[in-house]
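All remarks here apply to the structure that follows.
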Amino acid sequence: QKEVEQDPGPLSVPEGAIVSLNCTYSNSAFQYFMWYRQYSRKGPELLMYTYSSGNKEDGRFTAQVDKSSKYISLFIRDSQPSDSATYLCAMKVGANSKLTFGKGITLSVRP
Amino acid sequence: GAVVSQHPSWVICKSGTSVKIECRSLDFQATTMFWYRQFPKQSLMLMATSNEGSKATYEQGVEKDKFLINHASLTLSTLTVTSAHPEDSSFYICSALSPGGQETQYFGPGTRLLVL
């Protein structure tokens, strides 16, 4: 079993839809959870960073962490064509630890 | 967010030559930088962790003599692909660890390497 599992998709939604992206993990030592967005041929861009269980909101994005279920989610409200990208979940054990990434899911938002 | 740059953004070279890629943290000092490789439609694969003033730590299966890493200052790490071959063609991405609290990793824009 991989440490981090992410549905590979791809995912296609109409503009304005609510998007739900999910990752599960097996290592209970993970304490820091991130979501990155990567456009084609570009480096990943940090979207959300959470440390504890619960929800964190930033504009149209909400990150959710459930440590008891080893499950994290990213919700995108009112999705836009500009949200079309690959989304990677990532997590780490300690603040200075290396990141463990999910495989990434490619999202396409249709106008 | 913090800014990390990479140079060059893309490079084409002949088989057998060496290529150097630079990674710079522009607005913060990074004692730790990471080097990743990404093949098409795949996730990032960590190659090595670069610590300022000390030797890099390589992941299993990554040849340290082929991928030379130097982290000579708090804002610059370099990756040199020595005697490059076509199978080294890939997208190389660095990241820098921003200090102060949660130690967030910020990524550079990547360098696309094509070895002919």
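To find a chain, count down the sequence lines: A is the first, B the second, and so on, and within it residues start at 1. In this text the structure is predicted, and so the values were computed from the model without any measurement.
- The CH2 atom of B:W35 sits 5.0 Å away from atom CD of B:Q6, with the distance rounded to the nearest 0.5 Å.
- The contact between A:L88 and chain B is made entirely by side chain atoms (from C-beta outward), counting heavy-atom distances below 4.5 Å.
- Per-residue counts of heavy-atom pairs under 4.5 Å with chain A were compared for B:L44, B:T49, B:T31; the largest is that of B:L44.
- Between B:A84 and B:D88 the shortest heavy-atom distance is CA-OD2, 3.5 Å.
- Heavy atoms closer than 4.5 Å to chain B are found in the side chain of A:Y36, but not in its backbone.
- The existence of a salt bridge linking B:E22 and B:R24 is confirmed by a sub-4.0 Å separation between a basic side-chain nitrogen and an acidic carboxylate oxygen.
- For the residue pair A:R110 / A:S12, a side-chain donor-acceptor distance below 3.5 Å is found, with atom types taken as modelled.
- For A:S40, no part lies under 4.5 angstrom from a heavy atom of chain B.
- With a 4.5 Å cut-off on non-hydrogen atoms, A:Q38 touches chain B through its side chain but not through its backbone.
- Comparing B:M45, B:Q38, B:K41, B:Q42 by heavy-atom pairs within less than 4.5 Å of chain A, the highest count is held by B:Q38.
- In summary, the side chains of A:Q64 and A:D66 do not present any donor paired with an acceptor at a separation below 3.5 Å, with no hydrogens or angles considered.
- Each of A:Q6, A:M34, A:K42, A:E45 has some count of heavy-atom pairs under 4.5 Å with chain B, and the biggest count is that of A:K42.
- Closest non-hydrogen pair, B:F28 versus B:T75, comes out as O-CG2, 3.8 Å.
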